Amino acid sequence: MAGRADSTVLAGARVVLPTGTVENGRVIVEGTRIAGSTQEGARTVDLSGHWVVPGFVDIHNHGGGGASFATGTAEDVLTGVRAHREHGTTTVVASTVTGEMDFLARQAGMLSELVEQSELAGIHFEGPFISPCRKGAHSEGLLRDPDPSEVRKLLDAARGSARMVTLATELPGGIESVRLLAEHGVIAAVGHTDATYEQTVEAIDAGATVATHLYNAMPVLGHRTPGPIAALLEDERITVELINDGTHLHPAALQFAYHHAGADRVALITDAMDAAGAGDGHYELGPLAVEVKDGVARLVEGGSIAGSTLTLDTAFRRAVTVDRIPVDDVVRSISANPARLLGLYDRVGSLDPGKDADLVVLDADFALKGVMRRGEWIVEPRVG
Ligand SMILES: [Zn+2]
């Protein structure tokens, strides 16, 4: 079972550091942190033939393990958090879905307590300020324009724990809302949007810094109507989220984003719903019924893709083995970049000494073999 390693040396692995991969490297864990040098009496775990990478950071995630961050109780949320931790996500932001404003405010209050307890890294509001033309799996009747005073209500309800709001910035109040978010240090994310290229540029100039699941729930890139995709990919101020589950994106679309934006501007996300780590069956996404078949979540009514059942260990493995993205680049986009976006890079996002001992052990085929969070094994590697 999982236990605290007071002083442990993980030896013999390929260790991915910000400066590159170290063959036959070592990671020293002292209590809850990564240490710079070995202490006496340290236990050594032989990880030859394995990779050690930083714990994954997911900035867009609606739940897992059969439980919803958007509508569940605090206990449900912890179930979802645990399910994702077992798949390597040591830092997770809870994403809501469109709902009544009062309900969202109450849910945000509950989630903010879990942020204070360090179970969550923050709250992401996805909806209700999104476009009815690109609503995806959000209830149309509950959508509303991004009036800054309404946006403000959600920020207040989150009591300092709001980290990101996805909005269709072309709607009335959109640009003012982006400014409001930027002023409060909350990420304004362009998404579920029907914006033109020019409207998207305006939103970026106003302070938007993230593209919510680039390509999904936005107009396609046309040669006379380049739309949001061109604007978001070309601007260095933007980090693009990508859902690498093999359903939301063609590998070439993912590679195109990596090549065009560069690995430092990609954040791999799950956009997971309850069924992540829980299997096929019937679920709910906010107020909408969802059926999960062969791991693909779709609305019962209309058949829209309704989030994913992805976990970040699968996203990592796909990125390396299917999409052929270099391991160092995948590590940046799954750990370092999202940690920076959250303002947490001094604590997590790399294996530098002094940071939290959050790490993932992968075998030579990039299958998950171990997960450590704050010095404690969540999944203890059975090796050596
Ligand atoms: Zn989402």
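Whatever order the structure lists them in is the order used to number ligands and atoms, beginning at 1. Keep in mind that what you see is a predicted model, and the values were worked out from it rather than measured. Computed from heavy atoms alone, side chains included, the values below leave out hydrogens, waters and symmetry copies.
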Around Glu100, counting heavy atoms of other residues, nucleotides and ligands shown, do more than 12 lie under 6.0 Å from its CD?
no
From the Zn ion (ligand 1) out to just under 2.8 Å, does an N/O/S atom of His213 turn up?
no
Would you say the Zn ion (ligand 1) has His60 as a near neighbour, meaning an N/O/S atom of that residue under 2.8 Å away?
yes
Quick one: do His248 and His213 satisfy ring-ring contact (aromatic ring centres under 6.0 Å, His included)? Show the steps, please.
CA-CA 9 Å; His248 281 77; His213 41 60; 7.2 Å; no
Shortest non-hydrogen separation from Ser139 to Thr98 and the atoms involved:
O-CG2, 4.0 Å
For the Zn ion (ligand 1), find the closest N/O/S atom on Glu126 and give its atom name.
OE1
Only N/O/S atoms count here: what is the atom of Asp271 closest to the Zn ion (ligand 1) called?
OD1
Any non-hydrogen side-chain atom of Phe129 less than 4.5 Å from a side-chain atom of Val165?
yes
